[in-house]
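Order of the sequence lines sets the chain letters (A, B, ...), proteins ahead of strands, with each chain counted from 1.
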Amino acid sequence: MRLFIAFIFKEFKHILRDQRTLFILFGMPIVQIILFGFALTNEVKDSKIVILDQAHDAFSQRLIQRLDASQYFDIERVLYQSDAIHEVFKTGKIKLAVVFPPRFQHELLHTNQASVQLIADASDPNTASTVTMYASAILKDFQDELIAQTPLPYSIKPEIRMLYNPQLKGAYNFVPGVMAMILLLISAMMTSIAIVREKELGTMEVLLVSPVPPLMVIVTKAIPYIFLSLINVTTILLLSVFLLDVPIQGSIVLLIAESLLFILAALALGLFISTITNSQQVAMLASLMVLMLPTLIFSGFMFPIENMPKPMQIISNFIPSKWYFFIVRDVMIKGLGFKSIWKESLILVAMTCVYVGIAWRNYKIRLE
Amino acid sequence: MMKNMDTNTANIVIQARNLTKRFGDFTATDAISFEVYKGEIFGFLGANGAGKTTAMKILIGISKPSAGEAQVAGFDVYTQAELIKKNIGYMSQKFSLYEDLTIRENIRFFGGIYGLSRAELKIKGDALIKKLGLEAEADKLVASLPLGWRQKLSFSIAILHNPQIVFLDEPTGGVDPLTRRQFWDMIYEAAHRGVTIFVTTHYMDEAEYCDRVSIMVDGKIEALASPKKLKEQFHAQSMDEVFHQLARKAKRAE
C-alpha cells in the first residue's frame with residue numbers, strides 16, 4: 001500500500017512538473033468550451049445583407065424594416081440597380097440579397113400574388129440555407145398579418161415547439177461532444193503517452209525487472225488521470241452552466257457516474273495504444289487518428305449520423321464516444337434517468353471489457 | 001585487481017545449462033551454458049544481434065527460455081522469477097532514472113520498490129548522497145546532473161538494496177573515458193563487497209577489467225575465460241583483437 005501511494009505520488013510529480021502536460025490537462029477544456037461556445041457556432045447572427053428595392057412602396061419599406069430589426073440580419077446597403085448585386089457578392093461579406101420587384105405592393109394587392117427574390121451566397125451552403133430560411137420566415141410573418149385582415153376559408157397553422165432546446169442553441173449539442181472529446185484525449189492520449197514515455201526513457205524496463213507487480217505499474221499510472229479527468233468533467237460542467245447557460249436537467253450523480261465509466265473505457269483504449277507503440281509521438285498520433293477524428297466525425301455532435309451512408313452508420317457504432325455523447329445528451333439536456341440510457345451504458349461497459357482484455361493480452365505478450 | 005577465483009560450486013550464483021530462446025524460426029540464444037561465481041565481474045560480450053540481450057532478459061526474470069535450465073541467485077528462471085527479481089539489481093543501457101524527479105526522490109522511489117523501509121531509505125540515501133558528494137544537488141532535478149554523474153547515481157541506486165547480483169546492460173554507453181574509469185572503480189568496490197557483477201559492454205578496454213569474459217557469436221558462446229587466457233588462446237595483443245577474430249565469423253546480419 002505504501003508502494004502504491006509512492007507510485008501515485010511519483011506520477012503526480014511527473015504531471016505537475018511538466019508544463020506542457022499541465023497546459024493540455026487544464027487549458028484544453030477551457031479553450032475548447034470557449035472556442036465551441038463563441039467562435040465555432042453554427043447559429044447565424046448579424047449576417048450582412050443587401051436590398052434591391054425596385055418597388056419603393058409602403059410594403060417593401062415595412063419588410064425592409066423588419067429584416068433590419070431582426071437579430072439575424074444587418075442591412076449593409078440598399079441597391080438601386082440589379083447588376084450591382086453580383087458585384088457585392090464578390091466581396092464575400094454579403095450573405096443574402098433581397099430583391100423587391102417593381103410595383104410589389106400593387107401586384108400583391110391586385111393580383112394577390114407577388115414574388116420576392118432571395119439570392120444567397122451558397123459557397124457556404126449551410127449558412128445560405130439558414131439565412132434564406134430566416135428571411136422566408138420574416139416574409140411569411142408579414143404575409144400572415146396581411147391575411148389576418150381577410151378571413152380565409154381554410155388554413156392550417158403549424159405550431160412548433162422545440163423540445164429540450166427551445167432556443168435551438170448550438171451549445172446544447174456541443175457540450176456533450178466536447179466532454180466526450182476532452183475525456184477521451186486526457187484519459188486515452190495522456191495515459192498512453194505517460195506509459196510510452198517510461199518505455200522511451202528506459203525506466204519501464206527497470207520497473208519490470210523490479211519485484212513490483214506489472215499490474216501495479218500500469219494501474220498507478222492511470223489513477224492520476226482518472227482524478228484529473230473528473231476535475232475536467234467538473235470544469236466543463238461549471239463552464240457550460242455558468243458561461244453558456246446550458247442547464248443540467250438530469251441527475252448530476254448519474255452524469256458523473258457515466259463519465260467515470262467513459263473515462264475507464266478511454267483509459268483502457270490508452271493502455272491498448274501504449275502496448276502497440278514505442279514512442280511518444282506515435283502514441284500521440286495514434287490517439288489523434290484513432291480517437292479524436294472518429295469522435296468528431298462519428299459521435300454525431302458535428303454531423304448527424306442519420307444522414308450518413310449505411311456503412312458509416314455501422315462504423316459509428318464502434319466508436320465509444322458516440323454512446324457517451326448520447327448518454328450525456330440524454331441525461332444533461334433531456335433530463336432522462338438511467339432507464340433510458342441503460343443500453344448505451346451496457347455497450348460502454350462491454351467495450352471497456354474488450355479493450356482491457358486486448359490491452360492485457362498485448363501487455364503479457366510483450367513481457368514474454 | 002584480479003581476485004583469486006574460488007570455483008567451488010557452492011559459490012555459483014548464476015548457472016545456465018543449454019539455455020535456448022527461440023522466436024519462431026529464429027534462435028536468438030542457442031543452447032548456451034556458463035557459470036558465474038560470487039563476487040566476480042563477469043563480462044558478457046557479443047556483437048549487436050548476437051543474442052546477449054535475449055540471454056540477459058531471461059536471467060533477470062522478464063523473459064522465459066524456450067529450452068534449457070538456468071538458476072540465478074539460487075532461484076529457477078521458470079518458476080521463481082519473482083524471487084530472482086528481489087535478489088538482483090539492474091541498470092539498463094538507456095538512462096534509467098526519472099529526470100523530472102530530484103536525486104533524493106529517485107533514491108527514495110527506486111529504493112522503495114525493493115522494499116526498503118522509510119528509515120532504511122533515509123540512512124542509506126543520505127550515505128549515498130554523501131559518498132557521491134552530491135549534498136548540494138540532492139534536491140535538484142536529475143535533469144540538471146551531467147551524464148557521468150547520472151550514471152554513477154544510477155549504479156548506486158541499482159545496488160542500494162544489497163542485491164546478490166547486479167546486471168549492467170552497457171552501463172557506460174556515451175560516457176567519456178575518465179568517467180568510465182571512475183565508474184569502473186565503483187564496480188570494483190561493489191565486487192569487493194561480494195556483489196556479483198554481470199556486465200555487457202561494447203568497449204573492449206572495459207572487457208580487460210573483467211575477471212572473466214564470455215563472447216557470444218550468432219547465439220552461441222564461442223569463448224569463455226579470463227581476458228589473459230583469451231589473449232593467449234587467440235594469440236592476440238588485446239581483447240579488441242580477440243573480439244574481432246570471433247566476430248568476423250558471425251553470419252547473422254545486425
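Within 6.0 Å of atom NZ in B/Lys152, more than 12 heavy atoms from other residues, nucleotides or ligands are found, so the atom counts as buried in its surroundings.
Remark: B/Arg104 engages B/Asp126 in a salt bridge, criterion side-chain N to carboxylate O under 4.0 Å. In summary, A/Glu11 and A/Arg197 do not engage in a salt bridge, as defined by a charged side-chain N under 4.0 Å from a carboxylate O.
Counting heavy-atom pairs closer than 4.5 Å to chain A, the top residue among B/Leu101, B/Asn87, B/Ile84 is B/Leu101. With chain B as partner, the option from A/Lys13, A/Lys10, A/Glu198 having the largest number of non-hydrogen pairs under 4.5 angstrom is A/Lys10. When B/Lys57, B/Glu105, B/His161 are compared by the number of non-hydrogen pairs under 4.5 Å with chain A, B/Glu105 comes out ahead.
Here B/Phe110 and B/Tyr98 bring their ring centres to under 6.0 angstrom of each other. Here the two rings, on B/Phe198 and B/Phe42, have centers that are under 6.0 Å apart.
Both the backbone and the side chain of B/Arg118 come within contact range of chain A, each with at least one heavy atom under 4.5 Å from a heavy atom of that chain. Residue B/Phe167 does not touch chain A at all, counting heavy-atom pairs closer than 4.5 Å. Only the backbone of A/Glu200 comes within less than 4.5 Å of a heavy atom in chain B; its side chain stays farther off. Only the side chain of B/Ile88 has a heavy atom closer than 4.5 Å to any heavy atom of chain A. Looking at A/Phe7, both its backbone and its side chain come within 4.5 Å of chain B, counting heavy atoms on both sides.
Panel note: side chain B/Gln151, backbone B/Pro171; a donor-acceptor pair is recorded below 3.5 Å.
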